[in-house]
Amino acid sequence: MDLKLEKKEIVNILEEIGTLLELSGENPFKTRAYSAGARALEARTESLAELIESEELEEIKGIGKALKEKIETLATTGELEYYSNLRAQFPSTLFDLLKVPNLGPKKVKALYSKLEIDSLEKLEAACKEGKLEELDGFGKKTEEKILDGIEHVRKFSERVLYPVAEEAAVPLLELLKKQRGTIRVSLCGSLRRKRETVKDIDIVVSSKKPEPILKAFVEHDSVTSVSGHGETKASVVLENGMNADLRVVSDEEFPFAVHYFTGSKDHNTQMRARAKEYGLKMNEYGYFKEDDTRIGCKDEAEIFSKLELKEIPPELREGRHEIEWAEKDELPELIDYDDLKGTLHCHTTASDGKASLEEMAEAAAELGYEYFGIGDHSKAAFYANGLDEKRLAKQIEEIDAFNKKHKEIRLLKGSEVDILKDGSLDFAEEVLSDLDYAVASVHSIFNLDSETMTKRLIKAIESPGITFLGHMTGRLLQQRDEYVFNMSKVLDATEKNGKWIEINANPHRLDLDWRTCLEIRDRGILFIINPDAHNTQGISDNRYGINVARKAGLTKEHVANTRSLKEFLSLLKK
DNA sequence: GCCGTTTTCGGCCCGACTGTTTTCAGTCG
């Protein structure tokens with residue numbers, strides 16, 4: 001089936017239609033139906049062609065007759081009149097205005113229709129001239145807030161990588177923990193769900209006296225401005241540009257508030273719907289019967305058990321399969337942070353690493369790993385000082401010598417072999433046969449057409465000397481999109497040849513994405529979590545890879561390097 | 001626009017906070 005648009009592109013268009021409908025003042029539920037439909041489509045792992053051919057689109061919850069037809073029209077023709085008509089009503093630059101905090105569709109529409117403001121520049125000028133005060137519902141304070149907001153959007157419009165958010169959250173959590181009136185503290189939001197990128201930091205505290213806790217929060221050293229400060233909640237902007245929200249509730253309410261603010265939105269919606277089936281109303285303060293009697297719960301586990309659900313780990317709460325799993329007692333026992341017994345794909349000073357082979361090995365041993373795979377670049381990665389056959393042979397000798405001397409950790413001989421443009425490898429098979437393992441990666445020529453790139457990857461994964469593909473999609477979070485290829489076909493080849501798939505744990509990559517892991521798991525393909533470390537600290541990045549695996553719902557059985565050295569070596573032989 | 005073992009029509013989550021109001025609309029999470 002030949003499609004004009006990829007699934008991702010259609011998801012984006014549906015989202016955009018949702019926003020455009022908001023701007024045009026449509027029924028909010030209709031608006032929501034488009035963004036809900038977009039998310040529902042995105043969550044499916046099947047390719048769009050499969051969904052259309054098998055007539056399954058309309059089976060997806062959140063996609064009805066109208067959306068099905070629009071999706072199919074977009075997929076087959078690449079166009080949709082309904083969409084282009086909507087787009088013609090508003091300039092696309094209005095989307096920039098929506099990014100300004102406290103500016104929503106209603107206000108943006110008023111700005112556009114009454115003052116012809118359609119860009120951040122025009123908005124800024126109008127604020128400075130005091131023009132906004134002419135409009136109903138706008139005043140001096142709004143103008144000031146908008147000016148601050150424009151500044152903020154220009155500086156920090158992006159979400160930040162998980163480790164950046166985590167680093168900013170830790171001191172706040174510590175501050176809150178040591179406040180006198182604090183009973184319990186929990187990180188919430190996407191940071192608690194271990195998303196790969198995070199927009200703001202959400203924290204919930206339980207206490208009998210909220211005021212002093214809120215005060216301590218807004219006065220913390222890392223706070224540069226206070227954007228809201230009420231009786232039970234406060235919002236601040238941190239010096240790294242992130243927003244942080246604190247909510248203070250009573251201790252009885254705490255588990256509900258924590259669950260509520262952990263989200264995701266979709267997960268919460270599904271939980272509330274389920275609560276309703278049990279005759280309960282659910283909000284951030286508790287369960288309520290129809291006569292408004294409150295039913296308390298001591299912790300999150302009890303919140304779930306009241307609805308006959310097993311406790312769902314925060315990482316899984318994305319509104320995908322978790323409630324179904326919890327209902328059937330089929331929640332996977334998620335892989336844990338100390339389950340990795342070894343790791344591969346690490347660099348040394350031989351190529352572009354910053355630490356020597358010995359330093360890297362010692363650091364790995366200190367982390368408790370039983371085995372550690374060196375994987376320096378091959379000669380085509382010339383920008384990274386890749387090794388040629390001669391230098392690789394020398395490194396193999398060094399590794400043999402190291403293993404003779406050291407018993408605390410076993411070094412594995414390996415290489416990160418470049419996949420050349422035509423899919424052939426940078427080293428011949430006889431060179432690879434001297435190694436314990438080899439990871440094949442694309443490091444150049446990303447802009448091939450889908451068919452060529454797919455063939456390229458398949459040819460690499462079919463090579464006998466290759467153990468797994470490294471960072472398979474090539475994405476760099478917030479920097480570079482995945483290259484275009486047919487993942488299904490590459491996975492077919494991976495499965496057929498008994499190869500593995502890497503979860504690259506570098507926080508800039510996190511490649512694979514957790515959203516696609518489930519399909520791979522169900523094919524029976526093994527994963528391996530590697531840090532792609534270029535220095536000794538980088539080895540610990542594996543915990544971000546574990547985040548991905550947990551979000552995907554993987555257990556340790558699904559991940560090759562949870563095996564002991566002995567088991568791992570026999571896996572490699574296969 | 002979607003959805004339904006109380007419904008094919010009438011619901012669709014809802015509370016805190018802010019600013020501009022003089023009782024509430026808009027935004028956010």
Side-chain angles (χ1 to χ4, degrees), chain A residues 14 17-18 20-23 25-41 57-71 82 86 97-111 132-146 148-149 188-193 198-204 210 214 226-236 243-249 253 256-277 279-288 319:
Chain A
L14 293 179
I17 291 176
L20 288 164
L21 289 175
E22 271 194 304
L23 283 172
E26 252 295 357
N27 168 5
F29 299 108
K30 182 170 169 180
T31 305
R32 199 182 302 165
Y34 276 89
S35 47
R39 282 198 307 276
L41 178 62
L57 269 181
E58 214 179 330
E59 306 292 311
I60 301 176
K61 217 175 164 195
I63 295 180
K65 202 156 177 259
L67 257 68
K68 175 199 169 206
E69 275 170 18
K70 291 194 170 78
I71 292 168
Y82 179 73
L86 266 175
L97 303 191
L98 286 170
K99 290 183 192 149
V100 178
N102 305 309
L103 275 190
K106 297 265 164 56
K107 288 195 167 148
V108 168
K109 195 189 174 194
L111 290 169
L132 265 53
E133 289 165 56
E134 299 166 15
L135 296 179
D136 282 348
F138 288 81
K140 199 151 200 76
K141 275 212 156 166
T142 310
E143 276 177 345
E144 284 165 15
K145 274 209 157 175
I146 289 176
D148 284 348
C188 297
S190 51
L191 193 52
R192 181 165 182 240
R193 299 201 312 278
V198 174
K199 195 156 150 268
D200 40 40
I201 295 169
D202 298 292
I203 302 175
V204 172
L214 289 163
V226 179
S227 32
H229 187 168
E231 284 171 25
T232 64
K233 82 180 247 195
S235 300
V236 298
N243 293 302
D245 294 332
L246 171 66
R247 213 33 198 264
V248 185
V249 297
E253 293 162 344
F256 289 93
V258 168
H259 176 265
Y260 182 89
F261 288 105
T262 297
S264 65
K265 231 180 204 176
D266 287 340
H267 170 86
N268 286 353
T269 307
Q270 292 175 23
M271 282 290 284
R272 279 191 298 268
R274 190 177 174 91
K276 222 170 174 182
E277 290 170 21
L280 296 170
K281 191 184 84 171
M282 183 182 192
N283 62 24
E284 64 256 58
Y285 302 114
Y287 282 132
F288 297 89

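Protein chains get the first letters and strands the later ones, always in sequence-line order, with residue 1 at the start of each.
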Roughly how many Å is it from [atom1] in [X] to [atom2] in [N], rounded to a whole number?
X	N	atom1	atom2	answer
A:Asn102	B:dT18	CG	C1'	8 Å
A:Arg272	B:dC14	CZ	C1'	7 Å
A:Lys265	B:dC13	NZ	C1'	11 Å
A:Lys107	B:dG19	NZ	P	9 Å
A:Glu133	B:dT21	CD	P	10 Å
A:Asp245	B:dC17	CG	C1'	11 Å
A:Leu41	B:dC2	CG	P	13 Å
A:Glu284	B:dC17	CD	C1'	13 Å

Measuring only the [atom1] atom in each nucleotide, how far is [N] from [M]? A whole number of Å is fine.
N	M	atom1	result
B:dT8	B:dC3	C1'	9 Å
B:dC17	B:dC13	P	22 Å
B:dT22	B:dC14	P	29 Å
B:dG11	B:dA16	P	25 Å
B:dC12	B:dT7	C1'	13 Å
B:dG10	B:dG15	C1'	24 Å
B:dT5	B:dG1	P	23 Å

Take A:Leu23 and A:Val108 through the side-chain contact (heavy atoms from CB on, under 4.5 Å) test and state the conclusion after the steps.
CA-CA 7 Å; A:Leu23 283 172; A:Val108 168; 3.8 Å; yes
Could you tell me which nucleotide pairs with B:dC14 by Watson-Crick or G-U wobble geometry, both distances under 3.5 Å, or answer none if nothing does?
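Across all strands, the one nucleotide that pairs with B:dC14 is B:dG29.
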Ignoring backbone atoms, establish whether [X] has a side-chain N or O less than 4.0 Å from OP1 or OP2 of [N].
X	N	value
A:Thr232	B:dC17	yes
A:Lys281	B:dG15	yes
A:Arg32	B:dC13	yes
A:Ser235	B:dC28	no
A:Tyr260	B:dA16	no
A:Lys141	B:dT18	no
A:Lys30	B:dC12	no

With a 4.5 Å heavy-atom cut-off, do A:Arg247 and A:Glu284 have their side chains touching?
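Yes, their side chains come closer than 4.5 Å.
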Contact between A:Lys65 and A:Glu58 at the side-chain level, heavy atoms closer than 4.5 Å - yes or no?
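They are in contact (side-chain heavy atoms under 4.5 Å apart), so the answer is yes.
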In this structure, are over 12 heavy atoms from other groups packed under 6.0 Å from A:Glu133 atom CD?
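Yes - once you tally the heavy atoms of other residues, nucleotides and ligands closer than 6.0 Å, there are more than 12.
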Can you give me the closest heavy-atom contact between A:Ile146 and A:Val100, atom names plus distance?
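The pair with the smallest heavy-atom distance is O-CG1, 4.1 Å.
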Checking ring pair (Phe, Tyr, Trp, His ring centres under 6.0 Å) against A:Phe256, which of A:Tyr287, A:Tyr285, A:Phe288 comes through?
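Going through A:Tyr287, A:Tyr285, A:Phe288 one by one, the ring pair (Phe, Tyr, Trp, His ring centres under 6.0 Å) with A:Phe256 is satisfied by A:Tyr287 alone.
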Classify the glycosidic conformation of B:dT6 as syn or anti, calling it syn when the angle lies within 90° of 0.
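Anti.
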For A:Thr262 and A:Val204, run side-chain contact (heavy atoms from CB on, under 4.5 Å): C-alpha distance rounded to whole Å, both residues' side-chain angles, the deciding distance at 0.1 Å, then the answer.
CA-CA 9 Å; A:Thr262 297; A:Val204 172; over 6 Å; no
What contact category does [X] fall into here, base, sugar-phosphate, or nothing, at under 4.0 angstrom with non-hydrogen atoms?
X	value
A:Asp136	nothing
A:Glu26	nothing
A:Ile60	sugar-phosphate
A:Lys140	sugar-phosphate
A:Lys68	nothing
A:Pro101	sugar-phosphate

Go nucleotide by nucleotide along DNA chain B from the 5' end; which of A:Lys145 and A:Val100 gets its closest nucleotide reached first?
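Here A:Lys145 is the residue nearer the 5' end.
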Judged by each residue's nearest nucleotide on DNA chain B, which is more toward the 5′ side, A:Met282 or A:Lys233?
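The residue closer to the strand's 5' end, by nearest nucleotide, is A:Met282.
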Candidate nucleotides [options], ranked by approach to the side chain of [X] - the nearest:
X	options	answer
A:Asn27	B:dC3, B:dC12, B:dA16	B:dC12
A:Lys70	B:dG29, B:dC17, B:dG1	B:dG1
A:Phe29	B:dC12, B:dA16, B:dG29	B:dC12
A:Asn283	B:dG26, B:dG1, B:dG15	B:dG15
A:Lys199	B:dG29, B:dG1, B:dC3	B:dG29

Salt-bridged, A:Lys233 to A:Asp245, with N to O below 4.0 Å?
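So A:Lys233 does not pair with A:Asp245 through a salt bridge.
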